Every structure is written in structure tokens, then in C-alpha cells.
2 protein chains.
Amino acid sequence: MFSRSEEDHIKAIHGLLEDAGQASTKDIADRLSTRASSVTDMLKKLAAKGLVRHAPYHGATLTTKGRRHALTLVRKHRLWETFLVQRLGFTWDEVHEVAEQLEHVSSEPLIERLDAYLGHPRFDPHGDPIPDRDGRMPERVTVHLTEAQVGLRHQLVAVKDGSDALLRLLDSKGMTIGRVFTLSARQDFDGSLQLTWRGGGCDLSAQVAAHLLTVPDNP
Amino acid sequence: MFSRSEEDHIKAIHGLLEDAGQASTKDIADRLSTRASSVTDMLKKLAAKGLVRHAPYHGATLTTKGRRHALTLVRKHRLWETFLVQRLGFTWDEVHEVAEQLEHVSSEPLIERLDAYLGHPRFDPHGDPIPDRDGRMPERVTVHLTEAQVGLRHQLVAVKDGSDALLRLLDSKGMTIGRVFTLSARQDFDGSLQLTWRGGGCDLSAQVAAHLLTVPDNP
DNA sequence: GGACATTTTTAGACTTGCCTAAATATTATT
DNA sequence: AATAATATTTAGGCAAGTCTAAAAATGTCC
């Protein structure tokens with residue numbers, strides 16, 4: 001239906017619209033490690049196919065059709081990541097590149113069966129929501145760890161904009177997605193945090209905490 | 001490392017060498033639904049890369065390097081087929097097309113973890129052997145059902161050159177890979193066979209039986 | 001508001017992988 | 001062995017996707 005390159009562009013535009021509210025030619029090019037002129041070509045092509053609205057010199061947005069396809073790509077990517085971590089035992093910092101390939105495999109039955117096999121997960125191993133078959137996102141009220149209340153129990157549900165280095169740091173401290181912990185203390189001096197959980201705990205700097213999203217986990 | 005098209009050609013050549021002992025330009029073209037002239041182009045390219053030996057006007061063979069790569073493709077294809085049937089619940093006549101896509105996903109850790117997850121299977125759901133990481137095939141002594149001994153128990157272990165129609169016929173009669181049965185009778189007139197097993201049985205024409213490979217299953 | 005910097009598009013070229021048509025080699029037939 | 005049929009290669013072309021360089025539009029800064 002769509003080529004690998006078309007799908008990559010659609011996903012990049014979707015990501016930029018989510019992150020920044022707009023998708024310029026240059027930003028798309030940077031995200032895909034390609035050149036602005038190549039992106040212009042592709043935008044014309046995708047506009048002709050009715051997936052993208054291209055306002056020359058003013059970036060691109062997705063049509064309803066484009067957004068729908070972007071969401072199926074996100075769905076496939078996150079379901080494969082869940083499979084790789086939950087079933088094959090990859091660590092969550094290793095899976096992105098492989099999922100990037102798997103998401104382009106085109107088979108509706110495959111993805112629906114995979115979804116069922118994984119128990120219809122609502123969030124992937126990074127804590128990001130998995131769109132359902134119709135593109136609907138599950139909702140969840142999250143709190144930045146920097147603003148979470150001291151003395152209460154919380155659960156780590158997502159890492160925003162996590163570099164590999166950050167993911168490894170978290171892994172090494174035992175801060176995996178799903179971790180339930182008590183926020184024992186916050187230092188006024190530098191905003192660093194002390195976390196404890198049954199059998200362990202760790203300290204986190206404010207820089208790290210700024211990337212972590214939590215939900216209250218009150219017993 | 002190699003493009004989708006290069007890998008398709010390598011696999012086609014390997015398949016033809018297995019089935020017919022030689023791979024002519026035309027046979028490769030037919031197998032890939034492409035044209036002989038396109039195949040000639042690709043043979044030159046693969047020869048330059050050291051994967052194929054191309055004797056102009058006399059077909060192609062694989063170099064050691066080419067054969068090694070062909071076997072990793074076969075390994076990937078059959079492991080994915082096993083996953084699709086055993087874990088996702090596909091029927092064995094549905095999986096080929098999807099496995100065809102999955103086998104081109106390139107990640108050594110992925111395939112080794114998948115292999116372990118499936119319990120290092122030695123044969124796929126069609127009963128075909130799965131090469132190990134080093135390209136070694138597991139061995140098995142098989143007997144064509146047409147030559148199997150009447151009155152004894154046998155197990156169906158493979159279907160050779162099975163069309164979708166044949167696979168569906170077998171499925172509808174309950175003749176799945178792994179089926180253990182007693183060969184009750186062979187008609188001299190047309191070679192048709194009568195099979196029975198606990199709770200069932202079926203009749204098969206000689207044409208069908210010619211595609212079935214069995215191993216003795218003596219209690 | 002004009003000059004400069006940046007972004008974007010256009011123009012033209014290249015590679016990969018495919019095609020058709022024509023030329024050439026091999027194989028089969030009489 | 002000559003001719004016919006088939007297979008293979010060569011030659012030339014086309015579409016997709018990418019690139020560089022140049023032109024055009026937009027944004028920024030004094």
C-alpha cells in the first residue's frame with residue numbers, strides 16, 4: 001500500500017506534530033537523516049495521495065487519512081516493542097531499531113493476533129500508550145516526578161524523550177517502567193529525589209526526574 | 001547489508017538448487033515473477049558481490065558466502081513460520097506470505113532470541129528442517145507416504161511442494177503435521193490410501209500421498 | 001524597512017531495480 | 001547439419017528515491 005519511505009515520512013510528521021505542534025521541511029529532514037529537498041519531493045507525493053496537506057514554505061500537516069495511517073504505524077511499533085521486551089526478553093533500550101523494521105511488515109491479521117497474544121496491552125514498555133485498532137489512545141493522568149508528592153506511593157509509567165544513556169541509567173538503578181516506589185524526600189537545594197521500594201531504592205537528580213512520568217499508586 | 005531484492009534472488013537460487021540441482025535465469029525469473037533480463041542484471045550484481053557464480057547462458061550457483069546467507073534466510077523464514085503457527089495461532093496455510101516479509105527483518109539478536117523463545121525447534125510447522133545458527137540442517141529419515149508400509153503406524157512430518165489448495169485439503173481432513181496414524185489399506189487399483197487414528201481417519205488419493213513425507217512411529 | 005541568514009523549493013543528476021525490444025547463444029527437431 | 005524454437009544477454013528507457021547546487025521565499029536584526 002505505502003512504501004517504506006512514505007511511511008517513514010508520515011511517522012516523522014506525526015511525531016513532530018505531537019512534539020512541537022508543527023512539522024517543517026527541515027525538521028522532517030533532520031528526523032529522517034535526509035535532505036530538505038528530498039522531503040519536499042515526498043511531501044508533494046504524499047499530498048497527491050491525500051495523506052498530507054503541504055503548504056509550500058510552511059510545513060506539513062496530516063489529513064484524516066494520514067493521521068489514521070500514522071496511528072496504525074504507532075500501534076504496530078509499540079505492540080512489537082512490547083513483544084520484544086515482554087516475550088523475547090530484550091531490554092527496553094534495545095528494541096527501538098528492531099521495532100522500526102517490524103512496524104513496516106504489512107499484515108492486518110498479524111497485528112491483531114499479536115495484540116491478542118500480548119493480552120491487548122494499553123501501554124508499551126516505555127509507558128507510551130498503544131492506539132487501538134481504530135486509532136483511539138488510552139488515557140492516563142500522569143504527574144511529572146518533579147511535581148509528585150513526597151511521602152506517597154507512585155508508579156513510574158513513562159520516560160519522556162529518553163536518550164539511550166538515560167534509559168541505561170534508569171535500568172542500572174532498577175527504575176523500570178511499572179516500578180512502584182515511595183517518594184521519601186526531595187532536597188530543596190538541588191531538587192534531587194530519594195526513592196525507596198520494597199528491597200531497594202535509589203537517588204535521582206532533578207535532571208533525570210524531569211523525564212519521568214508517574215501515576216499515584218495509593219494502596 | 002543486502003537489499004530485499006538481492007535476498008529474494010539468493011533465496012530463489014537456493015530453492016532451485018535444492019529442488020532441481022540447477023538454477024537457470026528463466027527459472028529464477030518465474031519463481032520471482034520477474035523477467036529474465038532483470039535476473040541477468042541481478043546475477044551480475046550478486047556475482048560482483050561474491051554471493052553467486054554466474055556462468056553466462058548456463059545459470060547460477062551459490063558461493064559459500066551466498067549459500068551461508070541463503071541458509072540464514074531459510075532459518076529466519078522457518079522460525080517466523082513456527083512462531084506464527086505455534087504462538088499466534090495462524091493455520092499453516094496462512095503463514096507463508098507474512099513470513100516472507102518477516103524474514104527480511106535484519107537483527108541477529110532478534111532471531112537468536114526468537115529461536116530460544118520457541119525452544120530451539122528443529123522443524124517448522126510444514127515439517128521442514130530449520131538450519132541452526134551455523135547453517136547446519138537437522139537430519140531425519142523420511143518415507144514417502146506412497147511407499148509407507150501398510151498395517152504400521154506412521155507420523156506425518158512434512159508436505160513437499162504443497163499448494164494452498166493441498167494444504168487446505170489436508171487441514172480439512174485433519175492431516176496436520178505431527179499427526180500419528182495407522183496406514184490401514186492401500187488400493188491396488190489407484191494407489192489410494194486409508195488412514196485411521198484415535199477418534200478419526202481419512203482417505204487420500206495417490207496424488208495427495210505423493211506430497212506427504214512420514215517417519216515410522218512404532219510404539 | 002533593508003540587508004543578511006536561514007529555510008524551502010526547483011532543477012538536474014545519480015542509483016537501484018525493473019521493463020521492452022532486439023541481438024545473440026543454446027537446445028531441439030527434422 | 002541446418003533450421004526452428006527457446007533461453008539469455010545487451011541496449012536503452014522508466015519510476016522511485018535520493019543527492020547537490022542554485023534560485024526563491026521567509027524570517028531576523030539592526
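Note that the structure is predicted; figures quoted are calculated from it, not measured. Per chain, numbering begins at 1; letters A, B, ... match sequence-line order.
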Calculate the interatomic distance between B/Leu43 atom CG and D/dT10 atom C1'; express it in whole Å. 14 Å

Is B/Asp27 salt-bridged to B/Arg31, cutoff N-O under 4.0 Å? no

Touch check for B/Thr40, heavy atoms < 4.0 angstrom, all strands: base, sugar-phosphate only, or nothing? base

Validation row: B/Val157, B/Ile177 side chains within 4.5 angstrom (heavy atoms): no

Choosing from C/dC19, C/dT24, D/dT18, which nucleotide comes nearest the side chain of B/Tyr57? C/dT24

Residue whose nearest DNA chain D nucleotide is more 5′ - B/Ala55 or A/Ser33: B/Ala55

Looking at every heavy atom in both B/Leu145 and B/Ala209, which two are closest together, and how far apart are they? CB-O, 3.8 Å

Mapping A/His58 and A/Ser3 onto DNA chain D by nearest heavy atom, which one lands closer to the 5' end? A/Ser3

Using a cut-off of less than 4.0 Å, is there contact between a side-chain N or O of B/Lys44 and OP1 or OP2 of D/dT9? no

Starting from P on C/dT24, measure out to NZ on B/Lys26 and report it in whole angstrom. 23 Å

For C/dC18 and B/Arg35 - does any side-chain N or O of the residue sit under 4.0 Å from the phosphate oxygens OP1/OP2? no

Is the shortest distance from a Lys or Arg side-chain nitrogen in A/Asp8 or A/Arg4 to a carboxylate oxygen in the other one below 4.0 Å? yes

D/dT20 base to A/Ser37 side chain: any donor-acceptor pair below 3.5 Å? yes

Please check the phosphate of C/dT9 (OP1 and OP2 only) for any side-chain N or O of A/His54 closer than 4.0 Å. yes

With a cut-off of less than 4.0 Å, is there a side-chain N or O of A/Ser38 near OP1 or OP2 of D/dT18? no

How many whole angstroms separate atom CG of A/Leu46 from atom P of D/dG17? 9 Å

Atom CE of B/Met42 and atom P of D/dT8 are separated, to the nearest Å, by 17 Å

In whole Å, what is the span from the CG atom of A/Asp41 to the P atom of D/dA16? 12 Å

A/Arg4 has an atom CZ; how far is it from atom C1' of D/dG17, in whole Å? 14 Å

Looking only at side-chain atoms of B/Pro56, point me to the closest of D/dT9, D/dA25, D/dG17. D/dT9

Of B/His14, B/Lys11, B/Glu7, which meets side chain to side chain donor-acceptor pair (under 3.5 Å) against B/His69? B/Glu7

Side-chain N or O of A/Ser5 less than 4.0 angstrom from OP1 or OP2 on D/dG17? no

